[in-house]
4 protein chains.
Amino acid sequence: TPDVQLVLGAESFPPKPRDGHKGRFGTVLIVAGNRGMMGAARMAAEAALRIGAGKVIVATHPEHAATLAIGRPELIVHGLDAATLLDELLAQADAIVLGPGLGRDDWAKQMAARVLSTQLPLIIDADGLGFLPPSAAMNSLRIMTPHPGEAARLLGCTVAEIEQDRLAAARALRDRFGMLGVLKGAGSVLFLPDELRVCGRGSPALATAGSGDVLAGMIGGLLALGIVPSEALPRAVCWHALAGELLAEQSGAWGAVASDLFEPIRAVVNGRANG
Amino acid sequence: TPDVQLVLGAESFPPKPRDGHKGRFGTVLIVAGNRGMMGAARMAAEAALRIGAGKVIVATHPEHAATLAIGRPELIVHGLDAATLLDELLAQADAIVLGPGLGRDDWAKQMAARVLSTQLPLIIDADGLGFLPPSAAMNSLRIMTPHPGEAARLLGCTVAEIEQDRLAAARALRDRFGMLGVLKGAGSVLFLPDELRVCGRGSPALATAGSGDVLAGMIGGLLALGIVPSEALPRAVCWHALAGELLAEQSGAWGAVASDLFEPIRAVVNGRANG
Amino acid sequence: TPDVQLVLGAESFPPKPRDGHKGRFGTVLIVAGNRGMMGAARMAAEAALRIGAGKVIVATHPEHAATLAIGRPELIVHGLDAATLLDELLAQADAIVLGPGLGRDDWAKQMAARVLSTQLPLIIDADGLGFLPPSAAMNSLRIMTPHPGEAARLLGCTVAEIEQDRLAAARALRDRFGMLGVLKGAGSVLFLPDELRVCGRGSPALATAGSGDVLAGMIGGLLALGIVPSEALPRAVCWHALAGELLAEQSGAWGAVASDLFEPIRAVVNGRANG
Amino acid sequence: TPDVQLVLGAESFPPKPRDGHKGRFGTVLIVAGNRGMMGAARMAAEAALRIGAGKVIVATHPEHAATLAIGRPELIVHGLDAATLLDELLAQADAIVLGPGLGRDDWAKQMAARVLSTQLPLIIDADGLGFLPPSAAMNSLRIMTPHPGEAARLLGCTVAEIEQDRLAAARALRDRFGMLGVLKGAGSVLFLPDELRVCGRGSPALATAGSGDVLAGMIGGLLALGIVPSEALPRAVCWHALAGELLAEQSGAWGAVASDLFEPIRAVVNGRANG
């Protein structure tokens, strides 16, 4: 169909502006990380920093609030017992990532409900997808990032049906849930308001735990930088794919872990992937 | 005897399939890590990721559940008070590693009993060996990984007797406990249903705390990838040995620690040990 | 005006004295890190070590006292419930950094009040600035490090007004609050008792979360080494700027995080930035 | 005097034996780390591993028992409320390091008393020195590692008096406290039963927080390997000095932190300091 485009790359960023201070590069709020899933929140948060966001705040389960920043001290971390405490953090955010390791319990439900009531640019990933209303009109500030299993649950069909016609599944997700997004997997399908795009790049190094959290954080970082969702989404998907290729080239695809992506992401964003 | 074979290597993996997503590469459940022994669980878990498993879940003592993932955020970690809570995690697992740092107390006993009642591919290592029934018919989905001290306890003899005839000890372990396995130490002896193999490679760099936890995790990762135990065991033992050689070559055998093995493991698995 | 000077660099240190022991290189006390902001304390503390201080003690919120040193075991960390417990630590300090991630609650207020009652060389950064008395006579042992937003709050004007005449703002801060300092941002303005200086170096890599914490720690380290505030301040600002340039040159300005500065700082201080 | 010898180096180790398993390389017990001083325990413990000990157990304050191993998962860590719990750990130890970050409170006192009642090879460092009996007959299994400040307290004199005649101070420490040891500082003086030696190597990179903890751990590792104290002490002091030189050469002496020593230690021990 004429509305599908094959995408093979994305330009690296122009040089970072010299007159900027961290406030100029935006603040991402990551709402993520239920018990046992601190790492998903951490990886999404670090990805937002690594793509250039000025500041990243994590709203997470109180269990690990005091420990999440140990490995990445640049993060600001708040353990929230109740979603009402989100209000103060939402007031500081330029973009939100909802979902990595969020879980499906009552705590998760409350957090998701509060976030879904805002009008900020928002990525909904992983467990966050389970809290979407069954249908919605197009809101071009929102981006969803399901993998085929999540897409199947959302569309009430099987994974095999999703994989059989990925373009149709992408259109169905867009039309039913009223947002932009990407159907992940080899040959990611991006669905934008007026067209579909297929990402022709990528690497099996990306087929590993946490890789999706990193992608969600990357999109969040670009939104916080002020890039519109219809540009931020394809850019992040391409850079994630290229970073995976670079990682596989440097040290092999087997046994790469998601944290290994941060350096390649920086190389791609700064236009140094070939140096 | 004709059923003994000397093994000097294992081929690296073929390229990681391009069309895979993390689900295709399996889920390992690590049941490990009593008080004070969080590190053993962490090292087995990371080894499973580093050999290529798609996802690793750790079921561990509640004391450090909130902290175990700090250094490796790709891990999903659950602190379990009681073994009944294992059921939900077992339902997600393709293979299990039982034992690293498990301890011998009541908590350990309960965890071991629940795991030993499943029919999933299973590695039993370290303290997990203390919970084996005194004898069993051959179950070719199970692998045991004792060092000579553990073998002596299991067979009711001295370490000197084990070392005097390692081949006989290996046969006795197989025949009594009804599973595949490896008797560790310089010149590891693998016992498979129909033959013994002696691994002729290795390095004293491997004679360090945590090295066995890494081997157990490697085997677990291969089982989760769908490789049958009789192939996964020799492959993991060889790659562990070759990774130790590579580490010693790169930075010396004295003072290497088990975490230093992760990069050499990746190099060996990806066929880059000579580059 | 004749009292403004453009500064483009600072010499690296002479070789570290051979006959020194750690006591000779001074002790920095970092009073910082309320709930959720452990990382700010950690980054200021590590920066003090990385510039050469002999010993760094962190007085922080009890919530994360047991975890702050995990990533940097050279730090001594005390969780303080009440400011009275500061006395023993103040007795060991040669210089103090007050403020990174301090917060604005009662705990922060108590800590700030106790620190502001001492006569030790003192850097007041970030949230610490909110506890300054409205005016004071010149105390040349004190240094303030506001960014434009903080300067605007302190002077009761808008950020735009600050940016419109940064030199005037710097003079106003000095004259009202009675201390040396730096008005941060591209083209940092240093205010010393008798002159202003503008730092002509720097990089957008520094426009990231935690970068200011690192600068505060660097100044603290130099004060603890016995360097007078009017020399320590310009030296730290220059080295911070040069370290940012080096980092951007090495791996790009986008996505650099503040912890990435530690190695470049060492290179600059040791005169190895070109090697 | 004829009993003083200048020492300029120590041979690296012969190749690590191929037939060893971790038990052959001994177990070090580190009794260290009161509240706020977890890092001292961690650094001594890692140093013991890095010099080649097969296994390291840390007995530490319960406050951080669950977190100490996060950064070095190869460590086995026990939080002890009372010294009676040490008995089980002492039974596994080949050598003990007492003191880094031990503190001077009642918990520390109990721990020290229990350790000082054993007959195992023992290093007494830092706060551990405060619990020595006022005099003792020579016990050639014990090693003390005071810096000049600690030596002055032990001998009831001033630091200036210590520094004025370091050889005499070393002899006095040996004769009064009945053990081998090293008086640290530039030109460390080793006191052995029948002679003194002065270490003519070293670097100001070693004048930093945690450097002494690393030295104590190194000696502990050598003792656990079965090396006699009169050989282990000079060897560890020399290697520590050479590792400091190598570190300064590689990246400069200013701003080096104690953890930076681990890689140079391995290089020196494995005879790769020039490669």
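Reminder, nothing fancy here: chain letters follow the sequence lines and each chain counts from 1. What you see is a predicted model; the values in this text were computed from it and never measured.
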If you round to the nearest 0.5 Å, how far is CG of Leu98(D) from CD1 of Ile30(D)?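 Result: 10.0 Å between the selected atoms.
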Within this structure, what is the CG-CG distance for the pair Leu141(C) and Leu122(C), rounded to the nearest 0.5 Å?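 That separation rounds to 9.0 Å.
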Option that, when pairs with chain D are counted at under 4.5 Å, heavy atom only, ranks first among Ile70(C), Leu49(C), Ile57(C), Ile265(C):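 The answer is Ile70(C).
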Using a plain distance cut of 3.5 Å, could you tabulate donor-acceptor pairs between chain D and chain C?
from, atom 1, to, atom 2, distance (Å)
Gly36(D), O, Val77(C), N, 3.1
Arg42(D), NH1, Ile70(C), O, 3.3
Gly202(D), O, Arg18(C), NH2, 3.1
Pro204(D), O, Lys16(C), NZ, 3.0
Ala207(D), O, Lys16(C), NZ, 3.3
Ala209(D), N, Gly54(C), O, 3.0
Ala248(D), O, Arg272(C), NH2, 3.1
Glu249(D), O, Arg272(C), NH1, 2.9
Glu249(D), O, Arg272(C), NH2, 3.3
Gln250(D), O, Arg272(C), NH1, 3.2
Ser251(D), O, Arg266(C), NH2, 3.1
Ser251(D), OG, Arg266(C), NH1, 2.9
Ser251(D), OG, Arg266(C), NH2, 3.4
Gly252(D), O, Arg266(C), NH2, 2.2
Ala253(D), N, Asn270(C), OD1, 3.2
Trp254(D), N, Asn270(C), OD1, 3.0
Trp254(D), O, Arg266(C), NE, 3.1
Trp254(D), O, Asn270(C), ND2, 2.9
Trp254(D), NE1, Pro14(C), O, 2.7
Gly255(D), O, Arg50(C), NH1, 3.0
Gly255(D), O, Arg266(C), NE, 3.4
Ala258(D), N, Glu74(C), OE2, 3.4
Ser259(D), N, Glu74(C), OE2, 2.6
Ser259(D), OG, Glu74(C), OE2, 2.5
Asp260(D), OD2, Arg50(C), NH1, 2.9

Looking at residues at least two apart in the chain, or sitting in another chain, which of them share a side chain to side chain contact (heavy atoms under 4.5 Å, CB included) with Ala59(C)?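 For Ala59(C), the residues satisfying side chain to side chain contact (heavy atoms under 4.5 Å, CB included) (neighbours in sequence not counted) are Leu29(C), Val31(C), Leu80(C), Leu86(C), Leu89(C).
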Specify which of Gly39(D), Ala207(D), Ala258(D), Ala248(D) makes the most heavy-atom pairs with chain C at under 4.5 Å.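 Between Gly39(D), Ala207(D), Ala258(D), Ala248(D), the count favours Ala207(D).
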If you count heavy-atom pairs under 4.5 Å with chain C, which of Ala209(D), Pro204(D), Gly36(D) comes out on top?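 Ranked by contacts with chain C, first place is Pro204(D).
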Which portion of Ala69(D) sits near chain C, non-hydrogen atoms under 4.5 angstrom: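 Contact with chain C involves no heavy atom of Ala69(D) at all.
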For Ala66(D), is it the side chain, the backbone, both or neither that has a heavy atom under 4.5 Å from a heavy atom of chain C?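 Nothing of Ala66(D), per the 4.5 Å heavy-atom cut-off to chain C.
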Does the side chain to side chain contact (heavy atoms under 4.5 Å, CB included) test come out yes or no for Val56(D) and Ile76(D), once each step is laid out? CA-CA 6 Å; Val56(D) 177; Ile76(D) 295 167; over 6 Å; no
Side-chain contact, heavy-atom cut-off 4.5 Å: [X] with [Y]?
| X | Y | answer |
| --- | --- | --- |
| Pro229(C) | Leu223(C) | yes |
| Ile96(C) | Pro121(C) | no |
| Val214(D) | Met218(D) | yes |
| Val7(C) | Cys238(C) | yes |

